[in-house]
Amino acid sequence: MSQAAEKSDQATALEKNMKEIVALCKRRGFIYQASEIYGGINGFWDYGPLGTELKNNLRDWWWRKMVLCPPIGPDGTPVDIVGLDSAIIQNPKVWVASGHVGGFADPMVDCKETKLRYRADHLIVFTPKDGQGSSIAVQEGDDFEESKARRFKKFAGKKTDADFEKRALSDIAFSEFANIIGPDASKPGTLTEPKAFNLLFETKIGAVASDDNVAYLRGETAQGIFVNYKNVLDSSRVKVPFGIAQIGKAFRNEVNPRNFIFRSREFEQMEMEFFCHPKDAKMWFDFWKEERQKFWQEIGLTKGNLLMREHGHNELVFYSKGTFDIEYKFPFTDPGFGELEGIAYRTDYDLTQHQTHSGTKLEYIDQTTNERFLPHVIEPAAGLTRGVLALLCEAFTPDPSRPSGVYLNFHPRLAPKKAAILPLTAKDGHPEIATKLYLELREEFPVDLDIKQNIGKRYARQDEIGTPYCLTIDNDTLKDETITVRHRNSMKQERIGLSNAKEFIRKGLESAAQ
RNA sequence: GCGGGCGUAGCUUAGUGGUAAAGCGUUGGCUUCCCAAGCCAAUGAUGAGGGUUCGAUUCCCUUCGCCCGCUCCA
């Protein structure tokens with residue numbers, strides 16, 4: 001290792017931590033790099049045997065809390081939410097209506113001088129009305145007025161605000177760029193032609209590829225819900241307010257995948273669109289903000305690592321009347337936080353768009369009040385794969401005092417394996433009893449049976465994959481039908497009856513998050 | 001996408017212009033009454049492609065991937 005690399009390792013001990021988490025994930029079969037034997041592929045990851053279990057556990061828990069057993073609403077009545085599983089590929093018009101094609105295809109410009117990149121629609125250009133001198137570009141943002149004053153002082157001469165015409169860079173022909181001074185440049189003409197960045201993956205439908213059959217892999221699961229809103233309304237006897245939930249893959253051609261599975265090009269979402277009367281939207285927004293925070297705490301993320309952050313005016317998308325992010329303190333964002341879930345008040349934007357583009361009436365008719373309206377939507381949209389990453393980071397607990405040096409402190413209900421059945425030795429009838437217990441327990445829980453090697457090695461292995469309980473069969477078991485429970489976190493042991501094993505694990509799964 | 005750093009077994013490291021070394025892991029066998037113990041054996045790597053060379057893991061180029069900063073993230 002070079003000196004420079006050594007230095008950077010020392011400088012960021014937290015990065016090292018992330019490295020260890022990634023290494024453990026691979027070593028024990030949680031997450032592998034996709035297509036690894038071919039050199040990998042940037043932005044894609046495969047879930048191994050244990051990663052799949054972990055992800056499924058989080059997915060199922062969300063579904064249970066959202067669809068099968070949703071919380072009681074603010075007025076004391078149960079909330080009504082139904083499930084959906086829409087196709088990944090829809091009519092391309094869906095993505096035109098949603099704004100993903102065209103509207104959000106943010107054109108970017110680079111500055112050749114400073115190597116900085118900007119969104120073209122975020123650059124405000126001031127062009128002198130008299131045609132004398134250069135145009136001045138300023139980036140939109142919190143410090144817009146400040147930056148503008150600074151750049152004017154430097155480049156505007158005696159001209160004032162009134163002497164300039166104000167336009168977005170995206171509305172200006174490239175032929176004029178030669179006369180524009182970039183936001184951080186020292187001279188005009190350093191901005192490149194805007195390049196369109198469409199984050200949607202394109203594909204072609206049918207065996208013969210042509211431009212006529214372009215389609216898109218969904219960039220979010222939400223649109224599948226909006227386009228089925230009327231179907232659900234007509235077929236499932238729900239009434240406003242109600243929600244439609246969906247879990248599934250989504251795809252975004254991220255400019256720069258980073259940080260393990262945090263930002264990848266193929267990922268999984270858990271989204272719920274809650275349709276309500278516009279006058280109740282505020283109430284439901286507050287309700288879901290609360291509920292969603294509880295959810296993440298319930299599965300074991302500690303309060304100190306969670307943050308509720310409101311979007312500022314600049315990052316708020318134009319149709320949203322408010323968005324909160326639930327953020328988690330990942331090792332790679334520490335001391336900052338990274339988004340786990342967004343809770344957005346989307347108004348009636350999506351339904352309006354689809355109503356307009358499809359020509360299908362999407363109004364809701366309230367039979368009791370005879371009112372017609374487009375419901376407003378509150379959207380809690382969580383990243384399933386980001387949730388998995390947060391669980392792994394939270395659970396990862398270095399402990400130099402134990403042989404494995406580390407254990408994963410999963411809540412039992414999230415742990416990929418709930419228990420391991422370990423005969424103390426591979427003789428004296430231990431394996432026979434262990435196998436019988438294993439066959440009995442696996443009907444209800446994911447459990448491991450491990451007979452080979454010494455007991456210490458086997459405990460250590462289970463620590464590394466976060467199995468909360470090890471059940472050990474020994475000579476006493478033969479005599480009095482008791483087994484040893486070895487607890488993952490404390491390494492302490494207790495003796496329970498062989499026949500109580502099922503009930504013991506059940507209780508563990510129901511326990512509150514620590 | 002830009003700039004910087006880095007690619008040797010599953011992991012951690014060693015080493016060399018001339019047969020690539022070790023510990024741990026993993027697998028099998030023996031042993032073992034509670035935390036990676038002991039013994040025996042097996043397993044397995046220079047990210048990929050090209051160039052220079054009699055010969056490249058080592059030198060050069062390209063590419064892929066990972067990490068860091070910037071940028072981006074509907």
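Each chain gets a letter, A, B and so on, in the order its sequence line appears, and its residues count up from 1. Heavy atoms only: backbone and side chains are in, while hydrogens, waters and symmetry mates are out.
- When the side-chain contact (heavy atoms from CB on, under 4.5 Å) test is applied to A/H487, the partners found at least two apart in sequence or on another chain are A/Y469, A/V485, A/S490, A/E494, A/F504.
- A donor-acceptor distance shorter than 3.5 angstrom exists from the side chain of A/R151 to the backbone of A/P183, with no hydrogens or angles considered.
- Of the P atoms belonging to B/rG50 and B/rU13, the separation is 30 Å, rounded to the nearest Å.
- Counting any heavy atom pair closer than 4.0 Å across all strands shown, A/F44 reaches no nucleic acid atom.
- Remark: P of B/rA9 and CD of A/E36 are 11 Å apart, rounded to the nearest angstrom.
- Residue-level contact check: A/R486 touches the bases, meaning some heavy atom is under 4.0 Å from a base atom.
- Residues satisfying the side-chain contact (heavy atoms from CB on, under 4.5 Å) test with A/E310, not counting sequence neighbours, are A/F324.
- Nucleotides B/rA37 and B/rU32, compared at atom C1', are 9 Å apart to the nearest Å.
- A/R488 places its CZ atom 24 Å from the P atom of B/rC34, with the value rounded to the nearest Å.
- Atoms CZ and SG, on A/R458 and A/C470 in that order, are 9.5 Å from each other to the nearest 0.5 Å.
- When rounded to the nearest whole Å, the span between CD of A/E379 and C1' of B/rA74 equals 10 Å.
- Note: A/W62 CH2 to A/L384 CG = 9.5 Å, rounded to the nearest 0.5 Å.
- In this structure, A/N256 does not reach the B/rC2 phosphate: none of its side-chain N or O atoms is under 4.0 Å from OP1 or OP2.
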Report, one pair per line, the protein and nucleotides 42-47 of chain B atoms (nitrogen or oxygen only) whose separation is under 3.5 Å.
none

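- On the P atoms, B/rA20 is 15 Å away from B/rA9, given to the nearest whole Å.
- Judged by closest nucleotide on RNA chain B, A/H487 is the one of A/R386 and A/H487 placed further toward the 5' end.
- In this structure, the ring pair (Phe, Tyr, Trp, His ring centres under 6.0 Å) partners of A/F330, at least two apart in sequence or on a different chain, are A/F262, A/Y328, A/F332.
- When rounded to the nearest whole Å, the span between OH of A/Y459 and P of B/rU32 equals 18 Å.
- Per the geometry, CG belonging to A/D46 stands 14 Å off P belonging to B/rG65, to the nearest Å.
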Dot-bracket, RNA chain B: Watson-Crick or G-U, under 3.5 angstrom, [ ] crossing, | other strand?
(((((((..((((....[..))))((((((.......))))))...(((((..]....))))))))))))....

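- Applying the salt bridge (Lys or Arg N to Asp or Glu O under 4.0 Å) test to pairs two or more places apart or on separate chains, none has a residue in residues 37-51 of chain A.
- Residue-level contact check: A/D474 touches the bases, meaning some heavy atom is under 4.0 Å from a base atom.
- The distance from atom OH of A/Y407 to atom C1' of B/rC35 is 15 Å, rounded to the nearest whole Å.
- Atom-to-atom, CD1 of A/I465 to P of B/rG10 comes out at 21 Å; the value is rounded to the nearest Å.
- Atom CD of A/Q493 is separated from atom OG1 of A/T484 by 5.5 Å, given to the nearest 0.5 angstrom.
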Distance-only criterion, 3.5 Å: show the donor-acceptor pairs between side-chain atoms of residues 415-427 of chain A and protein atoms not counting sequence neighbours.
residue : atom : partner : partner atom : Å
A/K418  : NZ   : A/P412  : O            : 2.9
A/K418  : NZ   : A/R413  : O            : 3.1
A/K418  : NZ   : A/A415  : O            : 2.7
A/T425  : OG1  : A/H430  : ND1          : 3.0

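- Residue contacts for A/D184: at a heavy-atom cut-off of 4.0 Å it reaches no nucleic acid atom on any strand shown.
- At least one side-chain nitrogen or oxygen of A/K26 sits closer than 4.0 Å to the OP1 or OP2 atom of B/rC11.
- Going from atom CG of A/L424 over to atom C1' of B/rA37 covers 14 Å, rounded to whole Å.
- A close approach under 4.0 Å does not occur between any side-chain nitrogen or oxygen of A/Q33 and OP1 or OP2 of B/rG65.
- Among the nucleotides B/rU32, B/rG3, B/rA36, the one closest to any side-chain atom of A/R258 is B/rG3.
- Listed by first and then second residue, the salt bridge (Lys or Arg N to Asp or Glu O under 4.0 Å) pairs that reach into residues 390-411 of chain A are A/D399-A/R402, A/R402-A/D463, sequence neighbours excluded.
- The phosphate of B/rA37 (OP1 or OP2) has a side-chain N or O of A/N454 nearer than 4.0 angstrom.
- The same atom, P, is picked in B/rU16 and in B/rG51; the two are 27 Å apart, to the nearest Å.
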Every protein N/O within reach of nucleotides 25-29 of chain B N/O, cut-off under 3.5 Å:
residue : atom : partner : partner atom : Å
B/rU26  : OP1  : A/R461  : NH1          : 2.5
B/rG29  : OP2  : A/K452  : NZ           : 2.2

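- Side-chain proximity of A/N42 to the nucleotides B/rC66, B/rA74, B/rU32 is greatest for B/rC66.
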Donor-acceptor pairs under 3.5 Å, side chain of residues 84-92 of chain A to any protein atom, not counting sequence neighbours: which ones?
residue : atom : partner : partner atom : Å
A/S86   : OG   : A/Q246  : OE1          : 3.1
A/S86   : OG   : A/Q246  : NE2          : 3.1
A/Q90   : NE2  : A/A87   : O            : 3.1
A/N91   : OD1  : A/K93   : N            : 2.9

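- Judged as a side-chain contact (heavy atoms from CB on, under 4.5 Å), and not counting sequence neighbours, the contacts of A/N256 are A/R258.
- Residue A/A426 places its side chain closer to B/rU32 than to any other of B/rC35, B/rU32, B/rC66.
- Rounded to the nearest Å, the gap between the C1' atom of B/rC68 and that of B/rU62 is 24 Å.
- As rounded to the nearest Å, B/rG49 and B/rA56 have P atoms that lie 13 Å from one another.
- A salt bridge links A/R27 with A/E464: the closest approach of a Lys/Arg side-chain nitrogen to an acidic carboxylate oxygen falls below 4.0 angstrom.
- Between A/G40 and A/D463, it is A/D463 whose nearest contact on RNA chain B lies nearer the 5' terminus.
- For the C1' atom pair drawn from B/rG47 and B/rU8, the interatomic distance equals 10 Å after rounding to whole Å.
- A/T385 meets the side-chain contact (heavy atoms from CB on, under 4.5 Å) test with A/Y47, A/K55, A/F267, A/E268; sequence neighbours excluded.
- Only the P atoms considered, B/rC40 is 15 Å distant from B/rA22, to the nearest whole Å.
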